[in-house]
Enquirer: 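To start, I am sharing the structure in question, which I have written as structure tokens.
Side chains included, hydrogens not; waters and symmetry mates left out as well; all remaining heavy atoms used. First the proteins, then the strands, lettered A, B, ... as listed; each starts at 1.
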Number of protein chains: 2
Amino acid sequence: MTALEYIRCIGESWPTTKERAYFEALALKEHGRLSPEHVPEVYHFDRTMSLIAMRYLEPPHIILRKGLIAGIEYPLLAQDMAEYMAKTLFFTSLLFRSTTEHKRDVAEFCGNVALIKHTGQVVFSDPYRVSQYNHWTSPYLDQDAEAVRKDNLLKLEVAELKSKFYERAQALIHADLHTGSVMVTPESTQVIDPEFAFYGPMGFDVGAFLGNLILAFFAQDGHADQVNDRKTYKEWILKTIEETWNLFHSKFIALWDEHRNGSGEAYLPEIYNNADVQLLLQKKYMTDLFHDALGFGAAKMIRRIVGVAHVEDLESITDVSKRATCERRALDLAKMLLKERRKFQGIAEIVAVIRQF
Amino acid sequence: MTALEYIRCIGESWPTTKERAYFEALALKEHGRLSPEHVPEVYHFDRTMSLIAMRYLEPPHIILRKGLIAGIEYPLLAQDMAEYMAKTLFFTSLLFRSTTEHKRDVAEFCGNVALIKHTGQVVFSDPYRVSQYNHWTSPYLDQDAEAVRKDNLLKLEVAELKSKFYERAQALIHADLHTGSVMVTPESTQVIDPEFAFYGPMGFDVGAFLGNLILAFFAQDGHADQVNDRKTYKEWILKTIEETWNLFHSKFIALWDEHRNGSGEAYLPEIYNNADVQLLLQKKYMTDLFHDALGFGAAKMIRRIVGVAHVEDLESITDVSKRATCERRALDLAKMLLKERRKFQGIAEIVAVIRQF
């Protein structure tokens, strides 16, 4: 594969320019070391200049979100993203790391607080309060947006997720893993733009990716026309959602089994030394992670419909009434998932409810 | 109150001497600023010399554990400890702090990793594996110690608490808040020795204190004699357990209500702006904290009976058979609390089950 170098300069407009580039380079290097096939290589980083020299993702790489809008299938997407997430999350967690390494890296990424705070605000705060920056497809969704702000049960669940986002240093997460942060060809999947990275809950990454695939699914009816009704493509998206989680689950467990006698602090082999307790542990861990992913994924869907920054999948639907219908379905599903996530045991159940909305 | 200065030198034997003194001084100053009546004042700290000059806690101050063994009642203990815990935990959490302050301080205390790791090992690992340092009242508790190591359900719950201990930066906790870290007179309560401090789960502090009171309760039968059957004193301990939690709860909620329009990131007033949602939030937060405290408190009881370091309350019972009986009661209660903590809604229920063991 041709890999031309190019220089990527971060603009002057962002207030935290320098630190932003530093943490982006740090996360690219760390995630790239752990999952080299799915993260572009960093050739050089200059902190004084805030300059990252990294692999040029040559054509025909395009942003995944554009591909999803165009209705292109990516046969490797689920397995590549599952591998990227399993490796980056497992190897930076206490399942693999020692306490000393973990605390050292948690401390380092605390320095990325400006961008962490930005994420926290747009995901967990803005959609639930009146804000001049919020917008939605008006007047169609006026009542829906108000309902989000008045839903006490929803806000209670959002509060729990917000605490987890800020307090739980479970792994080095990308923290902005939507379909605009992935570049693809049918043969290649590359995760870019980890400038929001920090030690946070794993479910925030897994949920971001799944949630954005669900948004892409609900946008399809707005892109359907007489040439292409998008029905086959919608099935492909659902299959990709299901496979992404299932492959992530199996790859994560495989890494855990492979490294269970290593230096990871979380579950010492001399304590968790029989098959029964191992099985119970892994089931509990993955179920908790699944529920986190559903919660965070739902929060990310909501913020893309009634919050500050929207997604092109939906924004590009020119028929406003049709767009509002797509958005309302996605929003209603997300609200339900956020509130009732703990009752779901597997991704097949989620795919089944997506079909119902 | 006379407050003589004295110089406290940390010995050379501990491998992390210098950093230990640094974090102890830092925590003393921060907790002292937040709860000045219950933390001795630091006059001077010299990092190069690892030297803390702090208030001398003059006689008749004694270590609370000694007082509990002697059967002395401390009428202010519950309210003082409740105030100390409510203030130090509330004001260092995201209920009060901004994200920027929080991440800055979390990063700083990550440096205390050697002592954090030590705590994690003695509380969450050693009691559940064969270790040359573990000991117990043998042969009486041989089977009990083995049962702890073979209890899959118990170890599953311990794993969850261990993850929370290492990953959840909820507040600046003392992290060693047993009854040996408190000096008392009937008029004064002073918390000392926070060298293990870091940003961790609040329940670890609350549980440590309650768990050590429960150990003191179960030790009383071993200290009873013909002059004093300790029945009245046992009632006083139970009352103190109940009042400590109830007063902590009310003081914590009062601080929350007082500062709800402040700069705390967790629950922005423009989102959580009605009485219904506030009530739901606080109930959920305090219930989770109560369950954490029960879990961590139980883990701390277990480690004092079958782990490395024991408590004088029990060790000072010279009749070995009698000591083993006291220990088994405490151990059985702790195992039950750790596994079934989520079914309890209030401290009165805990006091009721303590009476049954």
Enquirer: Could you tell me which non-hydrogen atom of B/Val113 sits nearest to which non-hydrogen atom of A/Thr99, and how far apart they are?
Expert: CG2-O, 3.8 Å
Enquirer: State the CZ-CG distance between B/Arg129 and A/Asn273, to the nearest 0.5 angstrom.
Expert: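 CG of A/Asn273 is found 11.5 Å from CZ of B/Arg129.
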Enquirer: Considering only heavy atoms, which portion of A/Glu160 lies under 4.5 Å from any heavy atom of chain B: side chain, backbone, both, or neither?
Expert: side chain
Enquirer: With a 4.5 Å limit on heavy-atom distance, are the side chains of A/Leu268 and B/Lys162 in contact?
Expert: yes
Enquirer: Looking at B/Arg168, B/Lys164, B/Glu167, which one forms a side chain to side chain contact (heavy atoms under 4.5 Å, CB included) with A/Glu167?
Expert: B/Arg168
Enquirer: Give, as side chain, backbone, both or neither, the part of B/Lys155 having an atom under 4.5 angstrom from any heavy atom of chain A.
Expert: both
Enquirer: Write down the atom of B/Leu281, the atom of A/Ala159, and the distance for their closest heavy-atom approach.
Expert: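 Answer, listing the atom of B/Leu281 first, then A/Ala159: CD2-CB, 3.8 Å.
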Enquirer: Write down the atom of A/Cys110, the atom of B/Val106, and the distance for their closest heavy-atom approach.
Expert: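 So the minimum-distance heavy-atom pair works out to SG-CG1, 4.0 Å.
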Enquirer: For atom NZ of A/Lys150, is the number of surrounding heavy atoms from other residues, nucleotides or ligands below 6.0 Å larger than 12?
Expert: no
Enquirer: Side chain, backbone, both or neither: which part of A/Ser163 has a non-hydrogen atom closer than 4.5 Å to chain B?
Expert: side chain
Enquirer: Is the number of heavy atoms from other residues, nucleotides or ligands under 6.0 Å of A/Lys284 NZ greater than 12?
Expert: yes
Enquirer: By ring-ring contact (aromatic ring centres under 6.0 Å, His included), which residues pair with B/Phe23, not counting sequence neighbours?
Expert: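 By the ring-ring contact (aromatic ring centres under 6.0 Å, His included) rule, B/Phe23 matches B/Phe109.
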Enquirer: Using atom types as modelled and distance alone, determine if a side-chain donor or acceptor of B/Lys103 lies under 3.5 Å from a backbone N or O of A/Tyr166.
Expert: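 Present.
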Enquirer: Can you find a heavy atom in the side chain of A/Glu265 that is under 4.5 Å from one in the side chain of B/Lys117?
Expert: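 Yes, side chains in contact.
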Enquirer: Taking all heavy atoms of B/Asp276 and all of A/Asn152, pick out the closest pair and write down the distance.
Expert: CB-ND2, 3.6 Å
Enquirer: For B/Asn112, is it the side chain, the backbone, both, or neither that has a heavy atom closer than 4.5 Å to a heavy atom of chain A?
Expert: neither
Enquirer: Within a strict 4.5 Å, meaning less than it, do heavy atoms of the B/Glu270 and A/Tyr128 side chains meet?
Expert: no
Enquirer: Got a second to check how far B/Tyr285's OH is from A/Leu156's CG, nearest 0.5 Å?
Expert: 13.0 Å
Enquirer: Under 4.5 Å, heavy atom to heavy atom: which of residues 294-306 of chain B reach chain A? Give them by number, or say none.
Expert: none
Enquirer: Which bit of B/Leu153 is near chain A, if near means a heavy-atom gap under 4.5 Å: side chain, backbone, both or neither?
Expert: neither
